[in-house]
Number of protein chains: 2
Amino acid sequence: MEEFAAVSGISRPTVSKYFNDPGSVRPSTRKRIEAALEEYDYSPNVFAMNQNRRKTKNIGVVVPNLADPFFSEIARRVELACIDSGYSPILLSSHGRPDMEKTNLASLRSLKAAGVLLAPFGRLSESEAIKAFDADFPLVLFDANMSDIGQAFVGTNNSQSVDLMVEYLCRSGEPPCFFEMKYPTNPNANKRRTAYIESMERHGQKPHIFQADGEGWNFEEIGRYEGGRFLSENAFPTNTVLCSNDRLAIGMLSAAYGLGFRVGQGAGCHIRIAGHDDHPFSRFTCPPLTTIAQDYEAIANRAVGTLFGMLESEERLTQRQETLFEGRLIMRDSA
Amino acid sequence: MEEFAAVSGISRPTVSKYFNDPGSVRPSTRKRIEAALEEYDYSPNVFAMNQNRRKTKNIGVVVPNLADPFFSEIARRVELACIDSGYSPILLSSHGRPDMEKTNLASLRSLKAAGVLLAPFGRLSESEAIKAFDADFPLVLFDANMSDIGQAFVGTNNSQSVDLMVEYLCRSGEPPCFFEMKYPTNPNANKRRTAYIESMERHGQKPHIFQADGEGWNFEEIGRYEGGRFLSENAFPTNTVLCSNDRLAIGMLSAAYGLGFRVGQGAGCHIRIAGHDDHPFSRFTCPPLTTIAQDYEAIANRAVGTLFGMLESEERLTQRQETLFEGRLIMRDSA
DNA sequence: ATTAAAAATTAACGCGCGTAAAGAAAAATC
DNA sequence: GATTTTTCTTTACGCGCGTTAATTTTTAAT
């Protein structure tokens, strides 16, 4: 920067000021800098910049696993929302490992992030580390809630969305059984189970819950193996299954195909399968999956908006905010 | 670090040495530092560390789009291979935007990456920027090749893999048509088309190529729309279609389902569909997709190994290396 | 106990930039 | 033209650490 300032004929502090905000220097000097920029293609070291800044423009975005298309989709929207507001998002995936969530927060500490948007693991998260981070940085949670952590949470209203699906399934055929992981890592899974039970009781139906054994992130495989087991044992008392999320449903769909079960609502179909989340692949399954779409756009925008509001007012929220958006029923052919 | 060194009773340079390599200090001082670490939970700022190091342990990994499960899968393996070798991978996705590929390389410049593994866009990449980067950093390309860029390339032997598939399809039924994007961004697509044509001619068959209109990364949607169009127009002269990649095949499978075409090789099936890449979802499609598995593991390990070899010898390769691994035929039910 | 080798300490500089203060220069106002 | 305001320049320090060189201390070897 020293050298670049010399060749452009401007002092280094002014050049520094320019890179911080090009509009903050006189138009004539701005032109000289930009002319020199054309010729010598210099660009400042972003990490050295943030080393010493009071407030950076870096926003940390941490998700549990980018290999899950659900998270890559919502992360993409969050990133775009940040960029639109003039901030630089830094996307970090924890690759399914809670210890890496901690590492990622440490990185964001080093980077002096202005604020962080975190989709935590939930039960598996190292909550002490997150709490410590929360104390020092503006933190907004999304997707998965954790009590008393973060100044705000933005997510989907699982009881509304599951009720919507249960209502639809009851109205259009036999009431649904519920298929989920036995040891879900994500707190939404618990909310959905509870919502299913309550909704079924409201409809005067008996809830039936089926839990898949298995650990890890290989949900489709678990859905196929365990779902296939329940199907072949004829374990479901009704012909309708609501899966806790689309990835399980995709696996179950695959199992049903393998067993020769026709899936759908038409005549000649043996079973109806529904999911939750509107996973990017759900529209391409055979048959296309009936599911609940989370309002990715609204969740991303609200999470980002809430964080930026905090950044601008420069004070912590007096009270923790929780915002839940409604899910939308996506009727396709599987149920 | 100053403070931490004070409370641990060790000088700062020694503490610095410890963090650089815990084994490089005397066991007794190591114990004292680690005891202090327990109590005061300090951790060095990774970005400040790299600011001034001769050789960092940072390896940049740049992929065009992490939202594509193919890339998230191979990136995962590359990351693990780096970690196993004691380096810190920094994974950057260009989100489908070639200009962001350039930005990502600039970030890695700032970070003083010891070396970079890059899966370039190919035709759309800003090759001047990559060349400039290549001149200053050890660079290994994987997945997609670009002539004269990078000191090495590691990928799949498309002519072998496509030939393997064509041979299988010809042997087990009618010879395949080829379905691809009209304007593929990835150089592998062109290699596969050429390989298909040559292989068909070797088998004494006439090649038939069908190209899908459409831009962007929404391959499944394009595969469904355009594949569905060809199917419903009865455009394919044989009952077998080889898709240039699995994502197109997944879309086409969905179209076939919608049109009531039974896919597979058994009696009563109308069409066979095959793909290429063994996409993580391919085993869950209905029917499961017959495809070519790239040897992710070998590609990742060789790419990482080649780069680390360069890092240790501290000199550029005298000649550009190209390593191609063979694809493996994965026979499932779709063809 | 003596000596050589290994490890730690002290002191100082550098990385690439942000930032603050004081003064000089340029632009805007009258 | 004189005055005020804005913008630059100069100078200097700091961020959090790596790294070096000279010196001292500790450990291992004789």
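Numbers restart at 1 for each chain; the letters A, B, ... are given by sequence-line order, proteins then strands. Side-chain atoms are counted along with the backbone in the values below, which use heavy atoms only and exclude waters and symmetry mates.
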- What is the distance from CZ of Phe47(A) to C1' of dC17(C), rounded to the nearest Å? 14 Å
- Query: Does Thr29(A) make a side-chain N or O approach to OP1 or OP2 of dC8(D) shorter than 4.0 Å?
  - Reply: yes
- Is any side-chain N or O of Asn20(B) closer than 4.0 Å to OP1 or OP2 of dT19(D)? yes
- Note on the structure: Among dG16(C), dC17(C), dT19(C), the one nearest any side-chain atom of Pro44(A) is dC17(C)
- Rounded to whole angstrom units, what separation is found between the CD atom of Gln51(A) and the C1' atom of dT19(C)? 14 Å
- Below 4.0 Å: OP1/OP2 of dC17(C) and any side-chain N or O of Tyr42(A): yes
- Check if the side chain of Arg12(A) and the base of dG16(C) share a donor-acceptor pair of N or O atoms closer than 3.5 Å. no
- Message: Side chain of Arg26(B), heavy atoms from C-beta onward: which of dT26(D), dC8(D), dC15(C) has the nearest atom to it?
- Response: dT26(D)
- In whole angstroms, how far is the P atom of dC8(D) from the CD1 atom of Ile33(A)? 8 Å
- Note on the structure: Whole-Å distance, Ile10(B) CD1 to dA7(C) P, equals 14 Å
- Note on the structure: Atom CZ of Arg32(B) and atom P of dT9(C) are separated, to the nearest Å, by 7 Å
- Between Asn50(A) (CG) and dC17(D) (P), how many Å, whole number? 15 Å
- Task: In whole angstrom, give the distance that lies between atom CE of Met49(A) and atom C1' of dG16(D).
- Result: 17 Å
- Task: Could you tell me whether Phe19(A) and Tyr42(A) have their ring centroids closer than 6.0 angstrom?
- Result: yes
- Between Val15(B) and Asn52(B), who's closer to the 5' end of DNA chain C by nearest nucleotide? Val15(B)
- Task: Determine, for Asp136(A) against Arg109(A), whether the closest basic-nitrogen to carboxylate-oxygen distance falls under 4.0 angstrom.
- Result: yes
- State whether Ser16(A) places a side-chain N or O below 4.0 Å from either non-bridging phosphate oxygen (OP1 or OP2) of dG18(C). yes
- Query: Is the shortest side-chain N/O distance from Thr14(A) to OP1 or OP2 of dT9(D) below 4.0 Å?
  - Reply: yes
- Heavy atoms of other groups near Lys102(A) NZ, more than 12 under 6.0 Å: no
- Item | Residue met sooner reading DNA chain D from 5', once Ala48(B) and Ser28(B) are mapped to nucleotides | Ala48(B)
- Query: Between Arg97(A) and Glu101(A), is there a salt bridge with N-O shorter than 4.0 Å?
  - Reply: no
- Message: Strictly below 4.0 Å, N to O, side chains only: are Glu34(A) and Arg30(A) in salt-bridge contact?
- Response: yes
- Message: Could you tell me how far apart Tyr18(A) (OH) and dC8(D) (C1') are, to the nearest whole angstrom?
- Response: 17 Å
